[in-house]
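As structure tokens, the structure follows; a few thoughts come after it.
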Amino acid sequence: MQIASFDDLIAAARQQPEPQRLLLVFTRAELPDGASAAERAGFASGRGGALVPHCCVDKSPHELQDFAALAEEARAFAPDWAITFVAALSGSGGQPPAEADIGRALDRMVEAIKAGRLDGLMPVDRRGRAVRLA
């Protein structure tokens, strides 16, 4: 299955033989300290900046109707998010992942995003489409 959107990811996670948790890190675009005049101008026009982790959440794929429902929920806790990074964590033996494992995985995701190591993470825009970051 090709995954081109968050809704595709939900569908794929629901089909897995073991229970899944979708791990989400919502980021905001911020202008880094010491930005040049050109960087500030670009940022003001909606380009550039750094993606900074803002908040995390985990969800069962069965808790989510679709991306639109998630985006509506996110308005309450992260109204200004720019990109959401998503990963899936699999349970085993028919049991979902343990809360401690979920917390550690979210912490690793946050640190990876801060360091610019995005392998294994799916960036999703505000419309629920997978995006490629340059």
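Only heavy atoms go into these numbers, but all of them, side chains included; no hydrogens, no water, no symmetry mates.
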Less than 3.5 Å apart, which donor and acceptor atoms pair up between the side chains of residues 96-121 and the rest of the protein, not counting sequence neighbours?
{"unit_1": "Asp101", "atom_1": "OD1", "unit_2": "Arg104", "atom_2": "NH2", "d": "2.3"}

Under 3.5 Å, sequence neighbours excluded: what are the donor-acceptor pairs made by side chains of residues 60-78?
{"unit_1": "Ser60", "atom_1": "OG", "unit_2": "His62", "atom_2": "N", "d": "3.1"}
{"unit_1": "Glu63", "atom_1": "OE1", "unit_2": "Arg21", "atom_2": "NH1", "d": "3.3"}
{"unit_1": "Glu63", "atom_1": "OE1", "unit_2": "Arg21", "atom_2": "NH2", "d": "3.4"}
{"unit_1": "Glu63", "atom_1": "OE1", "unit_2": "Ser60", "atom_2": "N", "d": "2.6"}
{"unit_1": "Asp66", "atom_1": "OD1", "unit_2": "Ala68", "atom_2": "N", "d": "3.2"}
{"unit_1": "Asp66", "atom_1": "OD1", "unit_2": "Ala69", "atom_2": "N", "d": "2.9"}
{"unit_1": "Glu72", "atom_1": "OE1", "unit_2": "Arg75", "atom_2": "NE", "d": "2.8"}
{"unit_1": "Glu72", "atom_1": "OE1", "unit_2": "Arg75", "atom_2": "NH2", "d": "2.8"}
{"unit_1": "Glu73", "atom_1": "OE1", "unit_2": "Lys59", "atom_2": "NZ", "d": "3.2"}
{"unit_1": "Glu73", "atom_1": "OE2", "unit_2": "Lys59", "atom_2": "NZ", "d": "2.8"}

Derivation of the side chain to side chain contact (heavy atoms under 4.5 Å, CB included) call for Phe26 and Val124: CA-CA 9 Å; Phe26 290 82; Val124 176; over 6 Å; no
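Using modelled atom types, one side-chain atom of Gln16 and one backbone atom of Ala12 make a donor-acceptor pair closer than 3.5 Å. Of the possible donor and acceptor atoms, one in the side chain of Thr27 sits under 3.5 Å from a partner among the backbone N and O of Ile83.
To the nearest 0.5 Å, atoms CG (Leu22) and CG (Leu89) are separated by 10.0 Å.
Evaluation of the salt bridge (Lys or Arg N to Asp or Glu O under 4.0 Å) rule for Asp80 yields Arg28 as partners, not counting sequence neighbours. Among residues two or more places apart in sequence or in another chain, the salt bridge (Lys or Arg N to Asp or Glu O under 4.0 Å) test is passed with Arg126 by none. Residues satisfying the side chain to side chain contact (heavy atoms under 4.5 Å, CB included) criterion with Ser36, sequence neighbours excluded, are Ala38, Glu39. Residues satisfying the ring pair (Phe, Tyr, Trp, His ring centres under 6.0 Å) test with Phe85, not counting sequence neighbours, are none.
Tracing side-chain contacts under 4.5 Å through hydrophobic residues (I, L, V, M, F, W, Y), one reaches Leu23 starting from Val131; they form part of the same cluster. Both Leu133 and Val25 are assigned to one and the same hydrophobic cluster, defined by single-linkage of ILVMFWY side chains at heavy-atom distances under 4.5 Å.
A donor atom on one side chain and an acceptor atom on the other are not found under 3.5 Å apart for Glu18 and Ser90.
Between Asp125 and Trp81, the shortest heavy-atom distance links the atoms O-CH2, 3.4 Å.
Put simply, the side chain of Arg40 reaches to within 4.5 Å of the side chain of Leu31, judged on heavy atoms.
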